[in-house]
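In what follows, chains are A, B, ... by sequence order, proteins preceding strands, each numbered from 1. Since the model is a prediction, treat every value here as computed from it, not as a measurement.
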Protein chains: 2
Amino acid sequence: MQPRRADGVREALEQMIVTGELTNGERLDETSLAERFGCSRTPLREAFQSLAASGLLDLVPHRGAFVRHPGLTDMVEMFEVMAELEAYCGRLAARRVSAADLAALRETVIACEDAAAASDHDRYYAENERFHHLIYAASGNGFLAEQARQLHRRLKPFRRLQLRVRGRLDQSLAEHRAILAALEAGDANAVSEALRGHIAVQGGKFNDLMASYKSSHLNAGK
Amino acid sequence: MQPRRADGVREALEQMIVTGELTNGERLDETSLAERFGCSRTPLREAFQSLAASGLLDLVPHRGAFVRHPGLTDMVEMFEVMAELEAYCGRLAARRVSAADLAALRETVIACEDAAAASDHDRYYAENERFHHLIYAASGNGFLAEQARQLHRRLKPFRRLQLRVRGRLDQSLAEHRAILAALEAGDANAVSEALRGHIAVQGGKFNDLMASYKSSHLNAGK
DNA sequence: GTCAACCATTTTGTATACAAGATATCCATT
DNA sequence: AATGGATATCTTGTATACAAAATGGTTGAC
């Protein structure tokens, strides 16, 4: 991972943060990171600003940039908001979804079925992401869609871990089918509630989340 | 406005953007801005990254930074999301609000009454902001509160303009009273709906918003 | 022996110099 | 006259040099 170009610095750093390669609370040394990336401190510091704005770094003046991994509490809070955003997307989408959107959604569900049958977690996740992004877009509210995408992105690593829990794939798939059915029926409440339940961390999902959180090793230094 | 220090550059720029001093689509010339702020291009460019992440700037590689004012559509979309976020804050707050929170909320309502009686828009806005921030915090979800604060901040200039519409102050105050009453009663649905209605752009509010938007001169170059 | 102040070292913050890409101008050609 | 291309100029992107601030260690006093 040696991006000569600066555009990649932000992405590379983000990757290093979310994968846990950089542990929580760790101070990022500008000089050594610059050397590692084969660039100077300038593009690095610009990336820091961007990452800090996304909440992935803490920028303390004259002290440095510190990796900021969400704690278990933060994660639960974020999922709570994610559930609400998705539910709202779904509510709007139920009214505004187009035939083309529905066709695309049906496709992703089929693709998810294939992936689930093959136990291909990576592919399932990719299609799962497409499914949700389609719903965000179908909300007809571009700002809402963008917010949802951002949060979705931030929760990505944890969601991926969750999907590896046994049986979760099939459950997720069944929920997708229910969401799609509600959308086709144009039942805003049903869509909204199905999505909320799909995202919300409740019941057994909390234990799954906690387990995957612990195994993520992101909580070092907390 | 000449911040010698770099921490102020971001704030100063943000102010210049939201006040409309910098018009929509305008390209920010690094050299001239640096000269104006009495600093070099380096801190400016770091501020650009931060502002771009907040959606106030568009950063086009090798082309420059362009001011990005929300169009009328964007604004309506943002208010739509704001209404939903506030409604959710209220729903949570109805369960979690503390006696101290309620006392503080009562204070702000009284302060709002004073300000409204004196037709002091600036003071009313300040207390109004405090009222809403208290509810965000009372939601007990720190992430949600932060998201709400950010969006609230971004909508600030438009909200201020809206409040200048005749009669809007008294209406807003009455709604605050209703929200507080619902919170005291612990009626989650009532709080949620009262807040949604308080924020949502609907009915006559849309015309007010449109009028204030036009008079904001932020839409130049669109 | 402990605490505090001072100095050295390290690290962040800023300015400037330089490189690379983009735009605009001017000239040649059709 | 219009178009296409080459070049000059300007702007952004990056590296480096320098300044300021913080940290850590050492020394001296109590």
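- Taking atom CG on B:Leu44 and atom C1' on D:dT12, their separation rounds to 13 Å, with Å as the unit.
- Atom P of nucleotide C:dG13 and atom CZ of B:Arg10 are separated by 16 Å, given to the nearest angstrom.
- Regarding A:His62, its NE2 atom lies at a distance of 11 Å from the P atom of D:dT23, rounded to whole Å.
- Across all strands shown, B:Leu28 has heavy atoms under 4.0 Å from sugar-phosphate atoms exclusively, and none from any base.
- Regarding contacts with the backbone of C:dT14, every side-chain N or O of A:Arg41 stays at 4.0 angstrom or more from both OP1 and OP2.
- Which of D:dT16, D:dG13, D:dA22 sits closest to the side chain of B:Glu30 comes down to D:dG13.
- You'll find the ring centres of A:Tyr124 and A:His121 outside the 6.0 Å limit.
- With rounding to whole Å, A:Glu46 atom CD is found 7 Å from D:dT14 atom P.
- Checking D:dT12, C:dG13, C:dT12 against every side-chain atom of A:Asp29, the shortest atom distance belongs to C:dT12.
- Checking D:dT23, C:dA15, C:dT12 against every side-chain atom of A:Arg45, the shortest atom distance belongs to C:dT12.
- Regarding B:Gln49, its CD atom lies at a distance of 13 Å from the P atom of D:dT12, rounded to whole Å.
- Distance from the side chain of A:Arg63 is smallest for D:dT23 among the nucleotides C:dT23, C:dT12, D:dT23.
- Taking the six-membered ring where the residue is Trp, B:His198 and B:His132 present parallel rings, their angle staying beneath 30° rather than reaching 60°.
- Side-chain contact check for B:Ser50 and B:Arg10: at least one donor-acceptor pair (N or O, by modelled atom type) lies under 3.5 Å.
- If you take CD of A:Glu35 and P of D:dA15, they are 13 Å apart, rounded to a whole angstrom.
- Of the candidate nucleotides D:dT12, C:dA15, D:dT14, C:dA15 has the atom nearest to the side chain of B:Ser40.
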Start with the C-alpha distance between B:Tyr136 and B:Glu86, add both sets of side-chain angles, then the distance that settles side-chain hydrogen bond (donor to acceptor under 3.5 Å, both in side chains), and finish with yes or no. CA-CA 7 Å; B:Tyr136 304 159; B:Glu86 296 236 7; 2.3 Å; yes

